[in-house]
Amino acid sequence: MNGKILDEVSIASLGEDIAIGKDPIVFLSAPNFEDRSVRSAAWMLDVLGGRREGVAVQVLWLQTPGVDDVFDRIKADNRDAVARRFSILGSKFVTTRVDLPAMDANLVLNRNRDLVNKLGGRASLLLDISSLPRTVVRHLLDGIVREQLGEPTPSRYSRIICLYTAAGDYPVGADSDVIGGIAGYFTKRNIHDLISTAGILDAVVSLAGTSHDSAQTLDALWEHGLSARTTVSSLAFINRENFIYSYQRLAHAAWVLNRGRETGTDLLYAFELEDVVRQIFERTELALVRHGEYRAAGGEGMPTYLLGGFGPKPIGLAALLATMRYQRLMESGGHSATSDVLQVRGWQYTTRYSHGVGPLKAFEIHLDELYAPVCSEVEPQS
């Protein structure tokens, strides 16, 4: 891999491209009860001006059947406000209800295909992940990647860009919204089961999420015992754009720093989201090298790579793509392996989860790099 799989792009430059109509665009928005959930839609309307040609929009209505509380009413207001503004697109605008947690990702993807066809069969995809539940982001991106790289289906998207608006702040008690044990997204196996079958193990855990998710993950890894064939890395994200909150997050994870020194856990610091993304992919390359060499030397245990992409959504997005890369390259090298994105089994919304609106960022996925060979200088030696 010589290029970037996930790359932050200038939001100003992206806005200019949209304003001049450089490419047809399909915009996927998911307004909910968070203030930031409508930020990218407002930005899109602003840069479009009065442009209607070459633009299609799908608004997702995320709903838990049988639930109607104050959060749902706020969500409905935000969704209706966005829908009214984009309804001028006529047949190139659609609202899609998605029932949670039993999500039908194919319904969303099929409607996106219909919109792309109305734009001539090829368009740039702009997906707002700011307030999408993590499982929804994974379902959609997993489907988009497999469809885009599948044969004989032609590539529908000239560019795939994820928009992410940071929150202004988070309320006290937001950690209680995350409940349940840690399990793999792809395998559905709990973390203890994933660890127990590993012959060689690399794990990367972001400390940027709740103390609940990182604590459960690291405790499970440390309880397993770190053998010479186990490498655990923890990522501490100090966000310059929200320093006080980041400092509080890190303070809650102070025990990790102490325990990490005792166990030999690598601690990596990052001050920009792009730094976290870069470090995730660098660790993935190292895991591919280590695990390939282990298999080439006759290692019989299962190579296992686990990524806890907790925290801001772009971190989880990088974890998803890195896991897909690891699995594909191990299999193409003739090696069976296990890899997974770690996630909390359930959640509940007891708060609005976030307050206010932070900076809007854009991250482009370069699928031509996703399954590129490991760089020659770090290829496994047989």
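Residues: numbered from 1 along the sequence shown.
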Quiz item: Would Arg283 and Ser233 count as having a side-chain donor-acceptor pair, cut-off 3.5 Å?
Solution: yes

Self-check item: Set of residues satisfying side-chain contact (heavy atoms from CB on, under 4.5 Å) with respect to Ala198, sequence neighbours excluded
Solution: Leu201, Thr304

Quiz item: Which heavy atom in Leu320 sits nearest to a heavy atom in Val341, and how many Å separate them?
Solution: CA-CG2, 3.7 Å

Practice problem: May I ask you to decide if Tyr157's main-chain N or O and Gln148's side chain share a donor-acceptor pair within less than 3.5 Å? | Solution: yes

Quiz prompt | His192: partners by side-chain contact (heavy atoms from CB on, under 4.5 Å), with sequence neighbours left out | solution = Asn190, Ala220, Glu223

Exercise. Locate the shortest heavy-atom distance separating Ala203 from Leu221; write the atom from each residue and the value.
Key: CB-CD1, 3.8 Å

Practice problem: Hey, could you give me each pair passing ring pair (Phe, Tyr, Trp, His ring centres under 6.0 Å) that has a residue in residues 91-112? Not counting sequence neighbours. | Solution: none

Quiz prompt | Exercise: identify the closest heavy-atom pair between Gly301 and Pro303 | solution = O-CD, 3.2 Å

Quiz item: Rounded to the nearest 0.5 Å, how far apart are CD1 of Ile5 and CE of Met324?
Solution: 10.5 Å

Quiz item: Are His335 and His291 close enough, and set up right, to give a side-chain contact (heavy atoms from CB on, under 4.5 Å), and what steps lead you there?
Solution: CA-CA 9 Å; His335 308 308; His291 297 187; over 6 Å; no

Quiz item: Can you check whether Arg325 reaches Leu288 side chain to side chain, under 4.5 Å on heavy atoms?
Solution: yes

Practice problem: To the nearest 0.5 angstrom, please state how far the CG atom of Leu60 sits from the CG atom of Leu107. | Solution: 9.0 Å

Practice problem: For residues Leu126 and Ile160, determine if any side-chain heavy atom of one lies less than 4.5 Å from a side-chain heavy atom of the other. | Solution: no

Quiz item: Taking the side chain from Arg36 and the backbone from Thr165, do they hold a donor-acceptor pair closer than 3.5 Å?
Solution: yes

Quiz item: With clusters built from Ile, Leu, Val, Met, Phe, Trp and Tyr whose side-chain heavy atoms come within less than 4.5 Å, directly or transitively, what are the remaining members of the cluster of Tyr294, listed by chain and number?
Solution: Ile200

Quiz item: Is atom CZ of Arg328 surrounded by more than 12 heavy atoms (other residues, nucleotides or ligands) closer than 6.0 Å?
Solution: no

Self-check item: Joint hydrophobic cluster, Val136 plus Ile315, side-chain heavy atoms closer than 4.5 Å
Solution: yes

Practice problem: Go through the structure and list residues passing side-chain contact (heavy atoms from CB on, under 4.5 Å) with Asp72, not counting sequence neighbours. | Solution: Gln63, Val67, Asp68, Asp69, Lys75

Quiz item: ring pair (Phe, Tyr, Trp, His ring centres under 6.0 Å) with Tyr305: which residues, sequence neighbours excluded?
Solution: Tyr326

Quiz item: Say you draw a straight line from OG1 of Thr284 to CG of Leu307; how long is it, rounded to the nearest 0.5 Å?
Solution: 5.5 Å

Exercise. Mind jotting down which residue pairs meet the salt bridge (charged side-chain N to carboxylate O under 4.0 Å, His left out) criterion with at least one end in residues 193-208? Sequence neighbours excluded, please.
Key: Arg189-Asp193, Asp202-Arg290

Quiz item: Does the side chain of Ser124 pick up a donor-acceptor pair with the side chain of Ser158 at under 3.5 Å?
Solution: yes

Exercise. Identify the heavy atoms of Val82 and Pro31 that sit nearest to each other, and give their distance.
Key: CG2-CG, 3.9 Å

Quiz prompt | Heavy-atom donor-acceptor pair, Ser234 side chain to Asp266 backbone, under 3.5 Å | solution = yes

Quiz item: If you take all heavy atoms of Val116 and Arg122, which pair is closest and at what distance?
Solution: CG1-N, 3.5 Å

Quiz item: Is there a path of hydrophobic side-chain contacts, each under 4.5 Å between heavy atoms of I, L, V, M, F, W or Y residues, that connects Ile129 with Ile161?
Solution: no

Exercise. May I ask you to test the Val108-Val98 pair for a side-chain heavy-atom distance under 4.5 Å?
Key: yes

Quiz item: Any sub-3.5 Å donor-acceptor pair from Lys313's side-chain atoms to Ser130's backbone N or O?
Solution: yes

Exercise. Return yes if some donor-acceptor pair links the side-chain N/O of Gln216 with the main-chain N/O of Val344 below 3.5 Å, else return no.
Key: no

Quiz item: Does Lys4 use its side chain to pair, donor to acceptor, with the backbone of Glu369 at less than 3.5 Å?
Solution: no

Exercise. Using ring pair (Phe, Tyr, Trp, His ring centres under 6.0 Å) as the criterion, list what pairs up with His139, not counting sequence neighbours.
Key: Tyr185

Practice problem: With the side chain counted from C-beta on, respond yes when Asp7 and Val277 share a heavy-atom pair under 4.5 Å apart, and no when they do not. | Solution: no

Self-check item: Working for side-chain contact (heavy atoms from CB on, under 4.5 Å), residues Phe310 and Val205
Solution: CA-CA 7 Å; Phe310 309 120; Val205 182; 4.1 Å; yes

Would you be so kind as to tabulate the donor-acceptor pairs closer than 3.5 Å made by side chains of residues 83-90, with sequence neighbours excluded?
unit_1, atom_1, unit_2, atom_2, d
Ser87, OG, Arg84, O, 2.8

Exercise. Check whether any side-chain N or O of Arg295 sits under 3.5 Å from a backbone N or O of Ser336 as a donor-acceptor pair, and report yes or no.
Key: yes

Quiz item: Side-chain contact, heavy-atom cut-off 4.5 Å: Tyr164 with Asp128?
Solution: no

Self-check item: Spatial distance of atom CG (Leu14) from atom CD (Glu364) [nearest 0.5 Å]
Solution: 8.5 Å

Quiz item: Between the main-chain N or O of Leu342 and the side-chain N or O of Asp340, is there a donor-acceptor pair closer than 3.5 Å?
Solution: no

Self-check item: Arg134 side, atom CZ; Leu317 side, atom CG - distance, nearest 0.5 Å
Solution: 11.0 Å

Quiz item: In terms of hydrophobic clusters joined by side-chain contacts under 4.5 Å, are Leu149 and Phe281 together?
Solution: yes

Quiz item: Within a strict 4.5 Å, meaning less than it, do heavy atoms of the Glu147 and Arg156 side chains meet?
Solution: yes

Self-check item: Check against salt bridge (Lys or Arg N to Asp or Glu O under 4.0 Å), Arg278 and Glu274
Solution: CA-CA 6 Å; Arg278 173 182 55 78; Glu274 194 169 21; over 6 Å; no

Exercise. Following the transitive rule for hydrophobic clusters with a side-chain heavy-atom cut-off under 4.5 Å over Ile, Leu, Val, Met, Phe, Trp and Tyr, establish whether Phe363 and Val145 coincide in one cluster.
Key: yes

Practice problem: Evaluate the criterion side-chain contact (heavy atoms from CB on, under 4.5 Å) for residue pair Val232 and Leu218; output intermediate values, then yes/no. | Solution: CA-CA 9 Å; Val232 178; Leu218 288 168; 3.9 Å; yes

Quiz item: With distance as the sole test, does Ser37 use its side chain to make a donor-acceptor pair with the main-chain N or O of Phe33 at under 3.5 Å?
Solution: no

Quiz prompt | Residues Arg73, Asp77: salt bridge by 4.0 Å N-O rule | solution = no

Quiz prompt | Value rounded to 0.5 Å, distance of CG in Leu267 from CG in Leu235 | solution = 8.5 Å

Self-check item: ILVMFWY cluster, Ile280 and Leu367 together (side-chain gap under 4.5 Å)
Solution: yes

Self-check item: pair Leu62-Leu132: side-chain heavy atoms closer than 4.5 Å
Solution: yes

Quiz item: Can you name the nearest heavy-atom pair linking Pro314 to Leu273, along with the distance?
Solution: CG-CD1, 4.0 Å

Self-check item: side-chain hydrogen bond (donor to acceptor under 3.5 Å, both in side chains) pairs, two or more places apart, involving residues 88-98
Solution: Gln58-Thr96, Thr96-Arg111, Arg97-Asp99

Quiz item: Tell me, which pairs form a salt bridge (charged side-chain N to carboxylate O under 4.0 Å, His left out) where one or both residues lie in residues 40-61, sequence neighbours left out?
Solution: none

Quiz prompt | Side-chain heavy-atom pair Leu115, Val94 within 4.5 angstrom cut-off | solution = yes

Quiz item: Hey, is the main chain of Asn32 close enough, under 3.5 Å, to the side chain of Asn78 for a donor-acceptor pair?
Solution: yes

Counting only pairs under 3.5 Å, give me each side-chain donor-acceptor contact of residues 17-30, with atom names and distances, residues two or more places apart or in other chains.
none

